[in-house]
Amino acid sequence: MDWENVQADEYRKLPRNYTAGRQGRRITGITVHHMAGNLSIDGCYSLWSHSGTSAHYAVQADGRIGQMVDDADTAWACGNWEANLTTISVEHANNGSSPWTVGEAALDAGAHLVAALCRYYGLGRPEWMSNVFPHRHWSATACPGELYGSQKHEYIDRCKYWYDKMAGGSPSEPERSAPAPVPSPKTVVDEIRYCVRTEANGWLAEMVGLSDTGGSGDDYAGDGSPILYLAMDFPGWYQVRTEGQGWLPKVSRYDVGDLEDGCAGDGTPITGVRCYYETQDPDATGWKVIEYAVANVGGGFLSPMRDLSDTGGSGDDFAGNGGRVSAIRARVADA
Ligand SMILES: [Zn+2]
């Protein structure tokens, strides 16, 4: 890694899933992400080549850094077009999933990269919400997990340490005032993220749309055993029916560490799922729906739902036919 000139250890330009240029906008900050998984540079490259999302840099668990979108181009990372246009997105590999923590090597390398970028682009000394932003500042998401939770101070302190060190003791540039958060149209929506906890294996790797971040190659979440909890991240709500209690309350949060409010389920097998996507800015994106389907233990996928409509013509407003659900897949689609 050439920190002075911000040349990554590996440069692998994505074939698609970013926008060339920045529509005339200047880089004014860095957006910090976590992968919600432990992906390598290779893993990010293959995921971002087809997931409809991307970031400029990926920091893998050992601290090695890959660049996949040029700084001068716009990555599809923040679920907020203004943020995509004006910030550089850095993804960090996780070393834990409950909660989503980042290990020492990745944290240090990521912070060093943020410092190098702040210096290179004259953004000033790294400071949360001034020139360094957690993804969840820009859109409804749990990203970047503990990097903006229990590791928030450690992370920004490390950014400052490297920034000061790189500046060679020269006085820091004047602090910039925080850019006013301007609500702006999204033209790209985040793919749906979701996770299931199964009877056989506990929480499985996170899905992003139809891509398994665990690298299984499956286009659904599930391992063949009954699903006991479902956690989903998208604007809107989701709800499950269980053998134990029937329909449970709607959930809008995504936190696999919080079985009460961060996911749906009660520990007994799920037998039905209902989801509704709330389009945030229809003028910019057109109306969107969540398209989702479930399969029962030993069975194939039932006809997909689009929000509360069954495309199979059954007339019910949920996915499932009463059997124990063992797989689910979901993606965002045009209404
Ligand atoms: Zn993110």
Side-chain angles (χ1 to χ4, degrees), residues 14 17-19 27 29-41 43-45 47-49 51-61 65-69 71 73-97 99-102 106-107 109-111 113-114 117 128-129 131-152 155-156 159 181 184 186-195 205-209 211-214 231-235 253-257 262 280 331-332:
L14 289 178
N17 284 333
Y18 66 89
T19 299
I27 293 166
I30 314 297
T31 300
V32 174
H33 303 261
H34 75 146
M35 294 174 187
N38 182 3
L39 271 68
S40 62
I41 293 167
C44 289
Y45 181 86
L47 176 67
W48 300 344
S49 293
S51 64
T53 61
S54 58
H56 295 91
Y57 296 91
V59 183
Q60 63 182 33
I65 296 174
Q67 177 156 29
M68 280 160 250
V69 175
D71 294 356
D73 292 333
T74 302
W76 300 349
C78 302
N80 174 314
W81 192 240
E82 178 73 10
N84 285 343
L85 286 176
T86 57
T87 68
I88 294 174
S89 277
V90 179
E91 289 273 358
H92 299 72
N94 294 103
N95 72 336
S97 60
W100 292 112
T101 49
V102 169
L107 186 148
L113 175 61
V114 168
L117 288 166
W128 282 122
M129 308 307 287
N131 46 19
V132 183
F133 301 90
H135 178 182
R136 70 172 193 237
H137 174 64
W138 303 118
S139 58
T141 173
C143 182
E146 293 303 308
L147 279 183
Y148 199 68
S150 62
Q151 298 181 295
K152 169 181 170 176
Y155 188 81
I156 203 71
C159 293
S184 60
K186 295 177 191 177
T187 54
V188 176
V189 298
D190 268 350
E191 189 46 276
I192 289 158
R193 292 174 178 258
Y194 54 105
C195 233
E206 185 185 64
M207 297 293 299
V208 180
S211 300
D212 185 344
T213 64
M232 304 186 87
D233 183 16
F234 64 96
R253 290 183 54 233
Y254 176 63
D255 182 354
V256 299
Q280 301 295 292
R331 66 183 188 102
V332 62

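Everything quoted here is computed from the prediction, not taken from an experiment. Both ligands and their constituent atoms are indexed starting at 1 by order of listing.
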> Quick one: list whatever passes ring pair (Phe, Tyr, Trp, His ring centres under 6.0 Å) with Tyr194, sequence neighbours left out.
none
> Among Asn84, Asp190, Thr19, which residue meets the side chain to side chain donor-acceptor pair (under 3.5 Å) test with Trp76?
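Only match with Trp76 under side chain to side chain donor-acceptor pair (under 3.5 Å): Thr19.
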> Which of parallel (below 30°), tilted (30 to 60°) and perpendicular (above 60°) describes Trp138 and Phe133?
tilted
> For a distance under 2.8 Å, give residue and atom name for each protein N, O or S atom next to the Zn ion (ligand 1).
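Per the 2.8 Å query on the Zn ion (ligand 1), atoms found are His33 ND1, His135 ND1, Cys143 SG.
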> With a 6.0 Å cut-off on the ring centroids, do Tyr18 and Trp48 count as close?
no
> Are any of the side-chain heavy atoms of Val90 and Val59 separated by less than 4.5 Å?
yes
> Do Met35 and Cys44 come close enough that some side-chain heavy atom pair is under 4.5 Å?
yes
